[in-house]
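Following: one structure in structure tokens, then a few remarks.
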Protein chains: 2
Amino acid sequence: MSRNANLTPLPGSCAACAVRPFALFRVIPQARVGEIARIRSGVRLVRAGDAILDSIFTMYAGWAFSWTATPDGRRQVLDFHLPGDLVERSEDAAEVEALTDSSFCILSRERLCAFMGRDPGLAMSYVDGLTRDRARMRERLTSLGRRDAAGRVAHLLLELHGRLLRRGGADARGAAVPLKQAHLADALGLSVEHANRALAALRKDGVATLNKGRLEIMDRTALEDLAGWAGLPPPESLAPQTLAG
Amino acid sequence: MSRNANLTPLPGSCAACAVRPFALFRVIPQARVGEIARIRSGVRLVRAGDAILDSIFTMYAGWAFSWTATPDGRRQVLDFHLPGDLVERSEDAAEVEALTDSSFCILSRERLCAFMGRDPGLAMSYVDGLTRDRARMRERLTSLGRRDAAGRVAHLLLELHGRLLRRGGADARGAAVPLKQAHLADALGLSVEHANRALAALRKDGVATLNKGRLEIMDRTALEDLAGWAGLPPPESLAPQTLAG
DNA sequence: CGCGACTTTGAACTGAATCAATTTTGGTGG
DNA sequence: CCACCAAAATTGATTCAGTTCAAAGTCGCG
């Protein structure tokens, strides 16, 4: 098999872009798509495992992820980037790496800013993305802070499934999810071994499986219960026990 | 002592606002400050422990924090809000609560949006805030994912100290930090008892203390070492051990 | 076939949670 | 100024979820 088999080229024109309905430029009406051509500063195809150095781009095909290294040689995965996502390699020390063979559309920050200055709708779309990112980070934070291993895995799987569903990349039973267990572990603050055990528990209980790049959800309710802290106590006992004021 | 002693009223005019140099409107030149008057939709003074229901506002005096409850009755503190911070009570389920007696300036989202549409500089300032928030959440995520208790505490103390320094609310030796140990614990995914022990270790080693609403940094280098994963292995061993590609 | 990447399993170990008091602090009202 | 109470901080003992270390087992592929 050719070493390029999985590299999906981008269409020449934004008008034909399959991910635009879910991407930054979703707010630009079809009739005006021609105007955004100058914001594109190029496309790139990268292989799984390659570092991505471009500073701002829209994922077209494949998955990427942002991460930071800890001085003791481990990783924290900060976020996963799916087709349609706008990704910025930020000032902070985060690296971006292709998780699968990927292709994306590189933007000119300067021209994007100029365009947003003229088009408040586009600026809003950009702000939307930032706000969503922040909300996702907050959920992730809650996971790492207060969920156990099974809950973290369940929550992340549901998050990814939801994101994929919204862009038509999944159905209710499952989706293509090319994560290795090491990605899960590094995103969730777990050791690979423990991520494996959590996944094994899900499998054994007939809740969900992650295998050969595919997520299968067999019992969504059970998965949601795990992610939402299974045995909910009765509502009247919901009062926080710390910081009670 | 009067029950209102700690409620700091806001100045009548934005021109006299002490936190504007660090806030959303920092980009509006003094000469044009009059124009933003209509964006303010009110001010509010709240007591420590009160929930804040306003949807978008700038902290003027005091601290607040955002949090979510877990169904099992615990809390995850998502972020702390300091004077000058723009706070949005977001669509997501996060609550905002005053940590100390606080006062803030409520904005009209509608008029703010309209103004940003006309003033790209202000829009940029807003985007800046969101980007900073996201970066802070990412750092926090890394803390919860990969740092031990001492490292998490050290990192959060340094983050807060840095934020306070930038707005002139601290000197190199310390700052007013009104957090209870329960806030630390709930922000860092620790039990109160363990947060206490981590803090006790910092104190015993002469690194830093948090006491009666005051942070004292006695050995900044040691604190940074803790936050940055103390015993750094030699640079050549920095290669990540998981996800190696 | 054989190698490397990934997954799985087991056992020992440990950081942090939990449970259970006890002490300290700050504020309140006399 | 002092006695008192609730909130907050502290300490100790025990338990447990998750890490670490060590080996196999499995899969895709050249």
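Convention: sequence-line order gives letters A, B, ...; per-chain numbering from 1.
You'll find that the side chain of A:Gln181 is closest to C:dT7, out of C:dT7, D:dA8, D:dT10.
Ion pair B:Asp186/B:Arg74 not flagged as a salt bridge, since none of the NZ, NE, NH1 or NH2 atoms sits closer than 4.0 Å to an Asp/Glu carboxylate oxygen. A salt bridge links A:Arg44 to A:Asp54: one of the charged nitrogens lies within less than 4.0 Å of a carboxylate oxygen. Between A:Glu139 and A:Arg134 no salt bridge is recorded (no basic side-chain N to carboxylate O distance below 4.0 Å).
Atom CG in A:Leu184 sits about 13 Å away from atom P in C:dC6, given to the nearest Å. Between the NZ atom of A:Lys204 and the C1' atom of C:dT9 there is a distance of 15 Å, given to the nearest Å. Regarding B:Leu210, its CG atom lies at a distance of 15 Å from the P atom of C:dT25, rounded to whole Å. What separates CG of A:Leu179 from C1' of C:dA5 is a distance of 16 Å, to the nearest Å. C:dT25 atom P lies 18 Å from atom CZ of B:Arg214, rounded to whole Å. Separating the CG atom of B:Asn196 from the P atom of D:dA7 is a distance of 18 Å, rounded to the nearest angstrom.
Residues B:Leu215 and B:Ile217 form a side-chain contact, since some pair of their non-hydrogen atoms from C-beta on lies under 4.5 Å apart.
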For nucleotides 25-27 of chain D, tabulate all protein N/O to nucleotide N/O atom pairs closer than 3.5 Å, reporting atom names and distance.
none

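No side-chain donor-acceptor contact under 3.5 Å links A:Arg173 to the backbone of A:Met218.
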Residues B:His183, B:Phe65; criterion ring pair (Phe, Tyr, Trp, His ring centres under 6.0 Å); working and verdict: CA-CA 9 Å; B:His183 295 112; B:Phe65 64 101; 5.2 Å; yes
Chi angles and distances behind the salt bridge (Lys or Arg N to Asp or Glu O under 4.0 Å) call for A:Arg163, A:Asp85: CA-CA 10 Å; A:Arg163 289 168 74 188; A:Asp85 285 349; 2.7 Å; yes
Using a 4.0 Å cut-off on protein heavy atoms (strictly under), produce a 5'-to-3' string for nucleotides 12-24 of chain C with B for base contact, S for backbone-only sugar-phosphate contact, and - for none. ----BSBBB----
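Taking the six-membered ring for Trp and thresholds of 30 and 60 degrees, B:Trp63 and B:Phe80 have ring planes inclined between 30 and 60 degrees apart.
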